[in-house]
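The basis for the numbers below is simple: all heavy atoms, side chains too, and nothing from hydrogens, waters or symmetry mates. Below, read A as the first sequence line, B as the second, and so on, with proteins coming before strands; counting in each chain starts at 1.
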Amino acid sequence: MLLIHCPYCDDTLPELEFAYAGEAHIARPADPSKLSDEEWRDFLFIRTNVKGVHAERWRHIHGCGRFFNALRDTVSDRFLTTYKAGEARPDVQTLEAAE
Amino acid sequence: MTHFSGFSLLKNALSGHKNWPEQWPDKQPKGEYDVIIVGAGGHGLGAAYYLAKEHGITNVAVIEKGWLGGGNTGRNTTIIRSNYLYDESAKLYDHALDLWENLSTELNYNVMYSKRGVMMLAHNVHDVQSFQRHIHANRLNGVDNQWLTPKQAKEFCPPLNISPDARYPVMGAALQKRAGTARHDAVAWGYARAAAKRGVDIIQNCPVIAIRRGADGSVEGVDTAKGFIKAKKVAVSAAGHTSVVMDSAGVRMPLESYPLQALVSEPIKPVFPCVVMSNTVHAYISQSDKGELVIGSGTDQYTSYSQRGGLPLIEHTVAAICEVFPIFNRMRMLRKWGGIVDVTPDRSAILGKTPVKGLYVNCGWGTGGFKATPGAAHTLAWTVAKDEPHPINAPFTLERFTTGRLIDEAAAAAVAH
Amino acid sequence: MTEYRVKGRGRVNTGKPVKFTFDDRTYQGFEGDTVASALLANGVHLMGRSFKYHRPRGVVTASSEEPNALVGTTRGGKGRFEPNTRATMQEIYPGLKTESQNKWPSLKFDVGAINDRLYMLFSAGFYYKTFMWPRSFWDSVYEPFIRKAAGLGKAPTEVDPDIYASRYLHCDVLVVGSGPAGIAAALTAGRAGSKVVLVDENSEMGGTLLSEPSVSIDGQPAWDWLESAFAELDRMPNVSRMTRTTAIGYYHQNMIGLVQKLTDHMADVPEGAPRERMWRVRAKEVVLAQGAIERPMVFHGNDTPGIMMSGAAQTFLNRFGVLVGKAPVMLTSHDSAWYSAFDMADAGAKVVAIVDTREDVAQALKDEAQARGIKTYLSYTATGTKGRLRVKALRVNPVRDGKVGAAHMLFCDAVLVCGGWTPSLHLFSHTKGSLHWDEEAKVYLPGRKTEDVHIAGAGRGLWGVATALEDGSKAGADAVKSLGGKAGPATYEVADDRTGTGITQKELPTDRSPGKAKAFVDFQNDVTAKDIRLAVREGMKSIEHVKRYTTNGMATDQGKLSNMNGLTIASDALGKEAPQVGLTTFRPPYTPTTFGAFAGYHKGTHFEVTRKTPIDSWAEENGAEFEPVALWRRAWYFPKAGEDMHKAVARECKATRESLGIFDASTLGKIEVSGPDATEFMNRMYTNPWTKLGVGRARYGLLLGEDGFIRDDGVIGRMRDDLFHVTTTTGGAPRVLNMMEDYLQTEWPELKVWLTSTTEEWATIALNGPNARKLLEPFVEGADISADAFPHMSVVECTVAGFPSRLFRISFTGELGFEINVPARHGKALWEKLWEAGQQYDICPYGTETMHVLRAEKGFIIVGQDTDGTVTPHDAGIGWAIGKMKPDFVGKRSLARPDIVAPGRKQLVGLLTEDPKTVLTEGAQIVDDPKQAKPMKMIGHVTSSYWSEALGRSIAMAVVEGGFDRMDQTLHVPDESGNPIPAKVTGTVFYDPAGDRLKVE
């Protein structure tokens, strides 16, 4: 069971309190009607599915209820960091250098 | 290559089994092939076999990053059935079932396809409606599937708890008698041996680094740990790693890879005659020919390539099994393992051509790829050989995610209301 | 005292004899014995039969990796039988019954042993090569035969009456294994003040020290030192110790699963005591001190009962006071077996010989052997045994310059072997930590770590008590330092330590045909060295292929005894070094673990919660039948005496349409959407327009997924300008709220909106029927609910029977209808008041089935039944619910995709069977041409189908390809037997299409 740091509660808690919510930083287009079918497909369905550091969303569903973002290595399942929704994706090198 | 039979077994037994040849040679790559298949699971090896056998294309390499059959082929709970709802799915899986029935003879390798019946449990009114829909659709499609009352279900599977007081009472079941299980490793090995016999090179421990494309955008070959290998046609059949491989060709996929866990119990004398699936409580169970109870669970919630998986899901799965089969509470879990399954937005596979000339893909089987093995392999070979869809795989395109013509088996099972 | 019990040896309580049975014969042991040690004390070695060849097998270990001595156990009474219990771990207690397995008719004479005679046919993977002809025989003859042969023990047949507990535990340092390394680690960390938990799978702590009483530590004999160490640990409030506790799995971020056996050793189990407890431990640091596992030697006949690991013999002697043989031969390639020989000799055994495959050993060992009069054979091999149910002699030959010389027999009653030691790294492997190959010791040792873990002692290839203590203490200190504390490793003075070395090897050289040797690598699964070589010959070049082809390492010991020998032989056959061949993955659990321990409390009614409404108890008291819907149980129908569902529903429908029905709608999801931007938010989420909906008015709301398909629906009332009372489907509430939160928080954080789940806050009672207002009106205060003042699709806040209420005038039945929301705690009281007052109108409680019929008569859809996640609003005939002028809403863009606007989509229509009495089956498929051959072209399916009491005929809804353009066409619905039932396509509103019934004054 993963331990996840909620950036809003500033607490590290077991996975059971959280719900995974898919890849992060896929913003809903401001005006979907302007998108081509292919662009709309990309928004709806195309995912990086990266083997390595993955930016993803979690919701502290049995806690504060907030959605937040995380960088997690999908090979080891290790969390590099979590950060609030709306914040820019942290740079992986900077994070690893800081460790 | 020695023909496998009771006679050859006896003959070799008398000579101390010293004269069995290699079932497939371990090859180093040649510089060029007509077709390269990425991924030596049952699907990839099967496609190579059918390319050679049915299309006369024998200059084929199957490239595997690890050992053949080591991915989901060797990690699944071996359930085989074809009682899918949509015509497209039913046709594909039933095509596979037809091939399963003859596969041992076809490959001269006993894959132990066991028609012991797959029973899917209905636990609420909504399940009943949904299974009735499946059963009616299957019957008109010529796919066997029948409705059982709780009592009939218990007769078919005596360990089943049909008490109406259960938290999830059994309200009936859909039974496909022709469905069952097979020996997963034997499927990979049988296809490997039969493909090798027809001249296919199987190259193990050779990770693909990238798919190389030429100036006109079409496929030129693959860069691998063992160097560049030229090929005009490349078919990717890499399950959980498909996104990674396809990305190297510049094709982004509607896929996500999730951990899927399964487990076996200690072996016991035969007690469980069939396969039982309960989608409502997320548990699947059968008993192997060795006597182990083979139990599958749902996917973990997060994407991962770690093959590790968490404890809570396993606890839930085991609890679910004990709920439906309470006599198994004192049985012991022997080992638990994880696989990586690639899941599409509509939970149906992607099987066929891609926007890149010479590049084909077979992926997105989610938790159900094993049962499709011969059907997927057979129709993939057709598509690669002819550069056109097989009538059966034609609906399973990448384009459907653009046009909206999804084959949404999961949605069709819908949600409780 | 039995014949093989040694006076003055062992830790069993000789003052407390214990009787138990094995295969119906009564044996006596002592408190502290295991089944294995007690049987050995009675001279019984034969404890089981192997899987494939049914060969007689004796116990080979004294520990949890035992592959042979597996027994069925029961303490009597129903449901407490279990198969495959390790006799080496099961403690005896008065009344314990055990039985051997996989034999018929008896353990000593087993018909299945015919397989052993045919062993040349049953080579590795033989079943892949045969049973294929004739094809029809596979299903009818071969497979049933193979399956019948499967398994070891018998399955339980009764429901397990025991309880399994579970708990969480948080600590600084978890130490797994209580040998010298583990104890030293716990002492060091404990003394530094860390919160320490020390666990061991055995019934008592001490590990190898229990088998090595002659060592002394800090001037104390080993067992005295243990006593004082345990006393010190127990004095520390920050340290706890748990025996009979197995660390089964090492999960992410230092979570370890422990299973503690609580009652399996007790004669009298306290009422209600849990049998096992799963501990989910989250440790800041973990010390793995699991020791090493002794490796068997691979030679012809190495599985004969009476042959066991030398370390096991030493344990049986020193811990249990049992001599496993009076005239043993040692066969070894490691010094440790020499010490076992000395202990055996000192306890009175006549040790026949020490046979060592090495050319030479330390002089001190030879001297000690000589002092005890033990013959030694160096540079010898073993090539066979005599005896079937018990070993009688070991056949040995000298090896000179690689040549195997002439054989001679060493007559004996036991052969004690040691083929080296394998560090136990199973838990470490669960972490996906890497292993590296130690070329010198020929073992895998821990490499790169992925968790906060320390490995100590024999687990990382170290040998000897002094080294283990030192290394354990260092691991404890390292753990403390990682936690930011201070600790220095303790030092220990150890005397009479038995350090040693050894070599590991493939199957022993022989003068006989290796092709005929039955030299076992995996005892339980009957895998021999030649099976492994055959697998390699057949092209199995990865160790995973070898494992799967031969089943080596797949028995219940999960390869603890067989993996390394298998790997050594496979590498030899391939001419490669072991690391190039690989190592199979160790998977959890460490030892087989009961399902009950995983399931814990989650069984029966606790398997998953059952949500009940405030009115549920009334329904139960009034004879309702219930149906499960999502996590809820809902009243399905209220049968009167003698009524089946059909009759009850017909009556409930009639009563409601003619006078008055009352329905518990509390399960409907309820979400409060509030804030200055609530209207904008609703406009973006739902398809409908919300801007012009006045306060006090309600509207049917439709929610799509971003893919354009229907996800949910429900009536939404506007309570204030900035407050919507949203209802959802029963199962949909959590999903809808999650989806709303997702958009609000991550896509539109600028909107000032608050979302609150209020499902449980309100009880919802629906009154439907021409007399609904008559009943309700007298109870209402603070609102005028007359037809004019309170039209259809209105909502008002008022009191009903004095309870604060949100009162809707809406109808899901087509009758005059109200839905009264009151705080949940008043739900039942209000229901009872309405029930009482409603008697004058013959008020009728109805359940979900009647609700479904009434709504179907009106053509109202149920999301999830009439839609299935592939249905758009237009498909469902509710395109009117889309706000045409809105620039965007969730899912709008997807409605313009090519296949969504293409003709021929399946559309929701009504179906009326030609024979009005025929009720179609829900889920039945629809065809145009009933005479076509299979596979038939299906054009849709029946989504809802009922007998309509009001219409006196059946009605159905269906999705049909191009259905809107097929009005009045006759289609066919083949029934269960394939008979096509003709039915005409109609609109979906079957009853009161003009809606007159809503207009009751």
Practice problem: Heavy-atom distances under 4.5 Å only: say whether C:Tyr168 touches chain A with side chain, backbone, both or neither. | Solution: side chain
Practice problem: Can you tell which part of A:Arg66 gets under 4.5 Å to a heavy atom of chain C, answering side chain, backbone, both or neither? | Solution: both
Quiz prompt | Atom group of C:Glu747 that falls short of 4.5 Å from chain A, counting heavy atoms | solution = side chain
Self-check item: Under 4.5 Å from any heavy atom of chain C - which part of A:Ser36
Solution: backbone
Quiz item: Where do C:Asp888 and A:Lys34 land on the salt bridge (charged side-chain N to carboxylate O under 4.0 Å, His left out) test, with the steps shown first?
Solution: CA-CA 11 Å; C:Asp888 191 18; A:Lys34 292 224 169 72; over 6 Å; no
Quiz item: So do the side chains of A:Asp37 and C:Pro898 get within less than 4.5 Å of each other, counting heavy atoms only?
Solution: yes
Practice problem: List the atom of C:Glu706, the atom of A:Trp40, and the distance in Å for their closest heavy-atom pair. | Solution: O-CZ2, 3.6 Å
Quiz item: Under the 3.5 angstrom rule, does the side chain of C:Arg893 hit a backbone N or O of A:Leu35 as a donor-acceptor pair?
Solution: yes
Quiz prompt | Close side-chain approach of C:Ser894 and A:Leu44, heavy atoms under 4.5 Å | solution = yes
Exercise. Grab the two heavy atoms, one from C:Thr746 and one from A:Phe67, that are nearest each other, plus how far apart they are.
Key: CG2-CB, 3.6 Å
Self-check item: Heavy-atom side-chain proximity of C:Asp742 to A:Arg57 below 4.5 angstrom
Solution: yes
Quiz item: Under a 4.5 Å cut-off applied to non-hydrogen side-chain atoms, are A:Ile61 and C:Asn738 in contact?
Solution: yes
Quiz item: Roughly how far apart are A:Met1 CE and C:Arg280 CZ, rounded to 0.5 Å?
Solution: 6.5 Å
Practice problem: Taking atom NZ of C:Lys449 as the centre, report whether more than 12 heavy atoms of other residues, nucleotides or ligands fall under 6.0 Å from it. | Solution: yes
Practice problem: Examine whether an atom of A:Phe68 lies under 4.5 Å from a heavy atom of chain C, and if so say whether it belongs to the side chain, the backbone or both; otherwise answer neither. | Solution: neither
Quiz prompt | Atom of C:Gln253, atom of A:Leu3 and distance for their closest heavy-atom approach | solution = OE1-N, 2.7 Å
Quiz item: Between C:Lys432 and A:Asp77, does at least one N-O distance fall below 4.0 Å, as a salt bridge requires?
Solution: no
Exercise. Would you mind checking which part of A:Leu2 comes under 4.5 Å of any heavy atom in chain C, side chain (CB onward), backbone (N, CA, C, O), both or neither?
Key: both
